[in-house]
Amino acid sequence: MKGMIILATGYLQVRITTQLILPVVNAQVLITEADTSLLLEQKTVYTNSEGLTDYIELETVPKEFSLDENNVNLPYRTYNLFVCADGYIQAEALGVNIFDGQVTLQHIELLARPENFGGDFELTSNSEEPHKLYDIPSHGKQGSSRVLQRVVIPENITVHLGAPNSDARNVTVPFVDYLKSVASSEIYPTWPQQALKANIYAQISFVLNRVFTEWYPSRGYNFNITSSPSYDQKYVHNRSTFESTDAIVEEIFNEYLVKTGRIDPFFAEYCDGKSVSCNGMSQWGSKADAERGMSAIAILRKYYGNDINIVESSNIAAIPVSYPGTPLRTGASGESVRVLQAQLNRIANDYPAIGKVNVDGMFGTGTEQAVRKFQQIFDLTADGVVGKRTWYKVSLIYVSVKKLAQLTSEGEAIQDGSYPGRPVRRGDRGRNVQIVQFYLNQTAVYVNSITPVTIDGVFGASTENSVKQFQDYFNLSQDGVVGQITWVKMQDIFEGIKTGVYVPEETPPAEDAYPGTALRVGSSGENVTKIQNWLNAIGQINSNIPYVNPDGIFGSATRNAVIAFQQQFNLTADGIVGRITWNRIYSEWQNLVAEGNA
């Protein structure tokens, strides 16, 4: 800030589209401080061919402000965005939250300028209110008994922008977008991942309970939920969101909490636990629990009881194509691949950088490249693999750009080895258990900490123990149960072994061991410095890996170097240093040390 010491850095990326989610190219984005409205130096940026700006570095306050429940200062900085583009009415987004080390994502839709329009100074405006944890209202949330017969994960949800009886308008938005706004309004993105996940599970379950019980329609209202935290959850229409919470939402949007023996989504009441107390989960308490090493499910069971379970629903209303149950990748074939190719080709009409592919039902190099480009454009992990998150994003964008045209028919290709639709656990028998045991043994060849098992189709103590070892190594929840996340990870590793992508890694000593949390843009500290130094050493031999300043700050330059390394060594090129990337970087650096080249 002008005349002040730079305390910390956050990141902002802006997407500018039309109302039909078509990219607006070369739109000008002017960024000012919300508290002074003074133009920041070199803070005018422009969108590229995909309607995206580069990542923009902005000053903010240290993240410790958002980790201390007794803090009375604003734990983030706010900025105003002003957007203009030829042929469109100007737009603004006011009070955008920037947190230390976090990526804020702001989507702004521009309205076409009518002919003879004379309102040069008329703006379409969105103004963010103070974050819910900083501006705590009273809570009076209530639940009710079951009304519907099946749990529905809605494609869209109608939100009343105020208290139930207020004279406010209704907005109908995609369910995933609703959850992203709630997550960004209810919790700080700087919190530990397991705390974020526990809170988002509670938020999903809360809103699904409202839908399931027809809480508002049964009372004569024409909406599903309100935006008021005094009655429901805090929702801010068109607010900026955060990359960290967005990723969790897109991963678990169709998972929710239930009590054992019941089918209705659990009414997951929660409150901040500092200014407001309730019988449910304490948000600040969940943050402290996660810092003590508790998992999301352990946190949820602490507050809601040991009979709380996480279930997944495939009953997603109005989504035209069902996720086939297993990731699509190079070598896959069938109707699901054909549907994917047809949808990507339609999207490419509006996002030509994706490129057109042959609609032949064969997942080849061309399809993989198109998927990677789609993932890059829409802020997904650019690995060329169509998992659940990518599948539903393709479906969402396809529906948006297709508008009123008829949708393609549903097609699911169940392949051998696909997730069976329910968790595989101790006591189970049969073919699914044999597949799990096979995957474990294939991985055990390369990971010494995983104990091989007998492939007998019986899920006993030894299989459960090996599953826990697998989950521990790949940083998954160590419950010994093979749910969809663990199954897909096993399948991914096996596919990597078959294609030669997954190779043995040298296990680092304790002082250089994987820190347990992935490093990404916004991370800082000694572990980032290690990665930067190792990459620089490797880059002396491999010119494709650019040099980075070993300053312990994970910025865009470090991310580019990580991506270059991952591409060179056939890893998922997402610019994130997870366990596999960390160990491979260390292993390659040690090879140089042994050869006297580092």
Side-chain angles (χ1 to χ4, degrees), residues 1 4 6-16 29-38 40 43 45 53 55-69 71-83 91-109 125-137 161 173 177-193 195-196 199-200 203 227 229 233-249 272 275 283-284 287 379 520-523:
M1 304 304 155
M4 296 180 63
I6 298 177
L7 298 177
T9 301
Y11 303 86
L12 170 68
Q13 186 176 50
V14 185
R15 178 187 297 277
I16 310 296
V29 182
L30 178 67
I31 306 171
T32 67
E33 295 176 307
D35 56 348
T36 66
S37 295
L38 294 176
L40 295 174
K43 293 305 179 188
V45 296
T53 68
Y55 284 103
I56 307 158
E57 294 187 357
L58 295 172
E59 298 172 13
T60 187
V61 297
K63 69 178 180 180
E64 285 72 22
F65 284 32
S66 62
L67 301 178
D68 180 6
E69 64 179 292
N71 169 56
V72 297
N73 298 306
L74 192 67
Y76 51 85
R77 283 279 162 82
T78 56
Y79 289 83
N80 294 338
L81 312 182
F82 302 92
V83 181
E92 64 182 20
L94 307 179
V96 176
N97 300 171
I98 302 296
F99 283 83
D100 179 8
Q102 300 297 309
V103 177
T104 299
L105 305 173
Q106 176 69 62
H107 179 198
I108 298 177
E109 295 179 355
S125 179
N126 172 58
S127 181
E128 291 188 16
E129 303 169 5
H131 194 284
K132 178 229 174 188
L133 285 178
Y134 186 73
D135 182 31
I136 303 293
L161 299 180
V173 297
D177 289 351
Y178 167 82
L179 294 173
K180 289 178 179 179
S181 176
V182 169
S184 298
S185 301
E186 292 270 359
I187 45 180
Y188 292 145
T190 53
W191 285 6
Q193 186 181 43
L196 296 178
N199 278 270
I200 292 172
Q203 292 159 9
S227 66
Q233 304 178 126
K234 182 163 186 175
Y235 170 84
V236 180
H237 192 49
N238 287 332
R239 72 153 291 152
S240 58
T241 60
F242 305 107
E243 193 174 57
S244 56
T245 51
D246 281 4
I248 296 174
V249 166
D272 79 307
S275 300
Q283 293 172 293
W284 281 108
K287 176 227 169 226
D379 302 316
R520 61 184 74 221
V521 171
S523 299

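Position 1 is the first residue of the sequence; numbering continues from there.
Contacts of Y178 classified as ring pair (Phe, Tyr, Trp, His ring centres under 6.0 Å), with partners at least two apart in sequence or in another chain: Y235. Legend: residues meeting salt bridge (charged side-chain N to carboxylate O under 4.0 Å, His left out) with R520, ordered by chain and number and at least two apart, are absent. Every residue two or more places apart in sequence or in another chain was checked for a side-chain hydrogen bond (donor to acceptor under 3.5 Å, both in side chains) with Q13, and none qualifies. Q102 meets the side-chain hydrogen bond (donor to acceptor under 3.5 Å, both in side chains) test with S244; sequence neighbours excluded. The side-chain hydrogen bond (donor to acceptor under 3.5 Å, both in side chains) search around T190 returns S66, not counting sequence neighbours. Applying the side-chain hydrogen bond (donor to acceptor under 3.5 Å, both in side chains) rule to N199 yields the partners S286; only residues at least two apart in sequence or on another chain are considered.
Side-chain contact between N97 and T78: present, with at least one pair of heavy atoms (C-beta onward) separated by less than 4.5 Å. Side-chain contact between D177 and T241: absent, with no pair of heavy atoms (C-beta onward) separated by less than 4.5 Å. In this structure, the side chains of T32 and K43 stay at 4.5 Å or more apart for every pair of heavy atoms. Here the side chains of L94 and F82 are in contact, with some heavy-atom distance below 4.5 Å. Between R77 and V61, the closest side-chain pair of non-hydrogen atoms falls below 4.5 Å. For the pair Q193 and I248, the minimum side-chain heavy-atom distance is below 4.5 Å. Side chains of I56 and V29 form no contact here, defined as non-hydrogen atoms less than 4.5 Å apart. Using a 4.5 Å heavy-atom threshold, the side chains of E92 and N80 count as separate.
Side-chain N/O atoms of R239 and S184 include no donor and acceptor closer than 3.5 Å. Donor-acceptor pairing under 3.5 Å is lacking for the side chains of Y79 and Q106.
Among all heavy-atom pairs drawn from I98 and G10, the shortest one is CG2-CA, 3.7 Å. Among all heavy-atom pairs drawn from P189 and L196, the shortest one is O-CD1, 3.9 Å. The shortest non-hydrogen separation linking Q283 to W191 is O-CZ3, 3.4 Å.
Rounded to the nearest 0.5 angstrom, L179 CG and D246 CG are separated by 10.5 Å. Between atom CD of residue E186 and atom NZ of residue K234 there is a gap of 8.0 Å, rounded to the nearest 0.5 Å. Rounded to the nearest 0.5 Å, atoms CG (L58) and OH (Y11) are 10.5 Å apart.
When each of V45, L81, T53 is checked for a side-chain contact (heavy atoms from CB on, under 4.5 Å) with L12, only L81 meets the rule.
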Query raised in the report: Which is it for I200 and I187 under the side-chain contact (heavy atoms from CB on, under 4.5 Å) test, yes or no, and what are the steps along the way?
Result: CA-CA 9 Å; I200 292 172; I187 45 180; 4.2 Å; yes
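Under a 3.5 Å cut-off, the side chain of S181 and the backbone N or O of V236 do form a donor-acceptor pair.
The aromatic rings of F99 and F242 sit perpendicular to each other, their planes meeting at more than 60°, with 30° as the lower class boundary.
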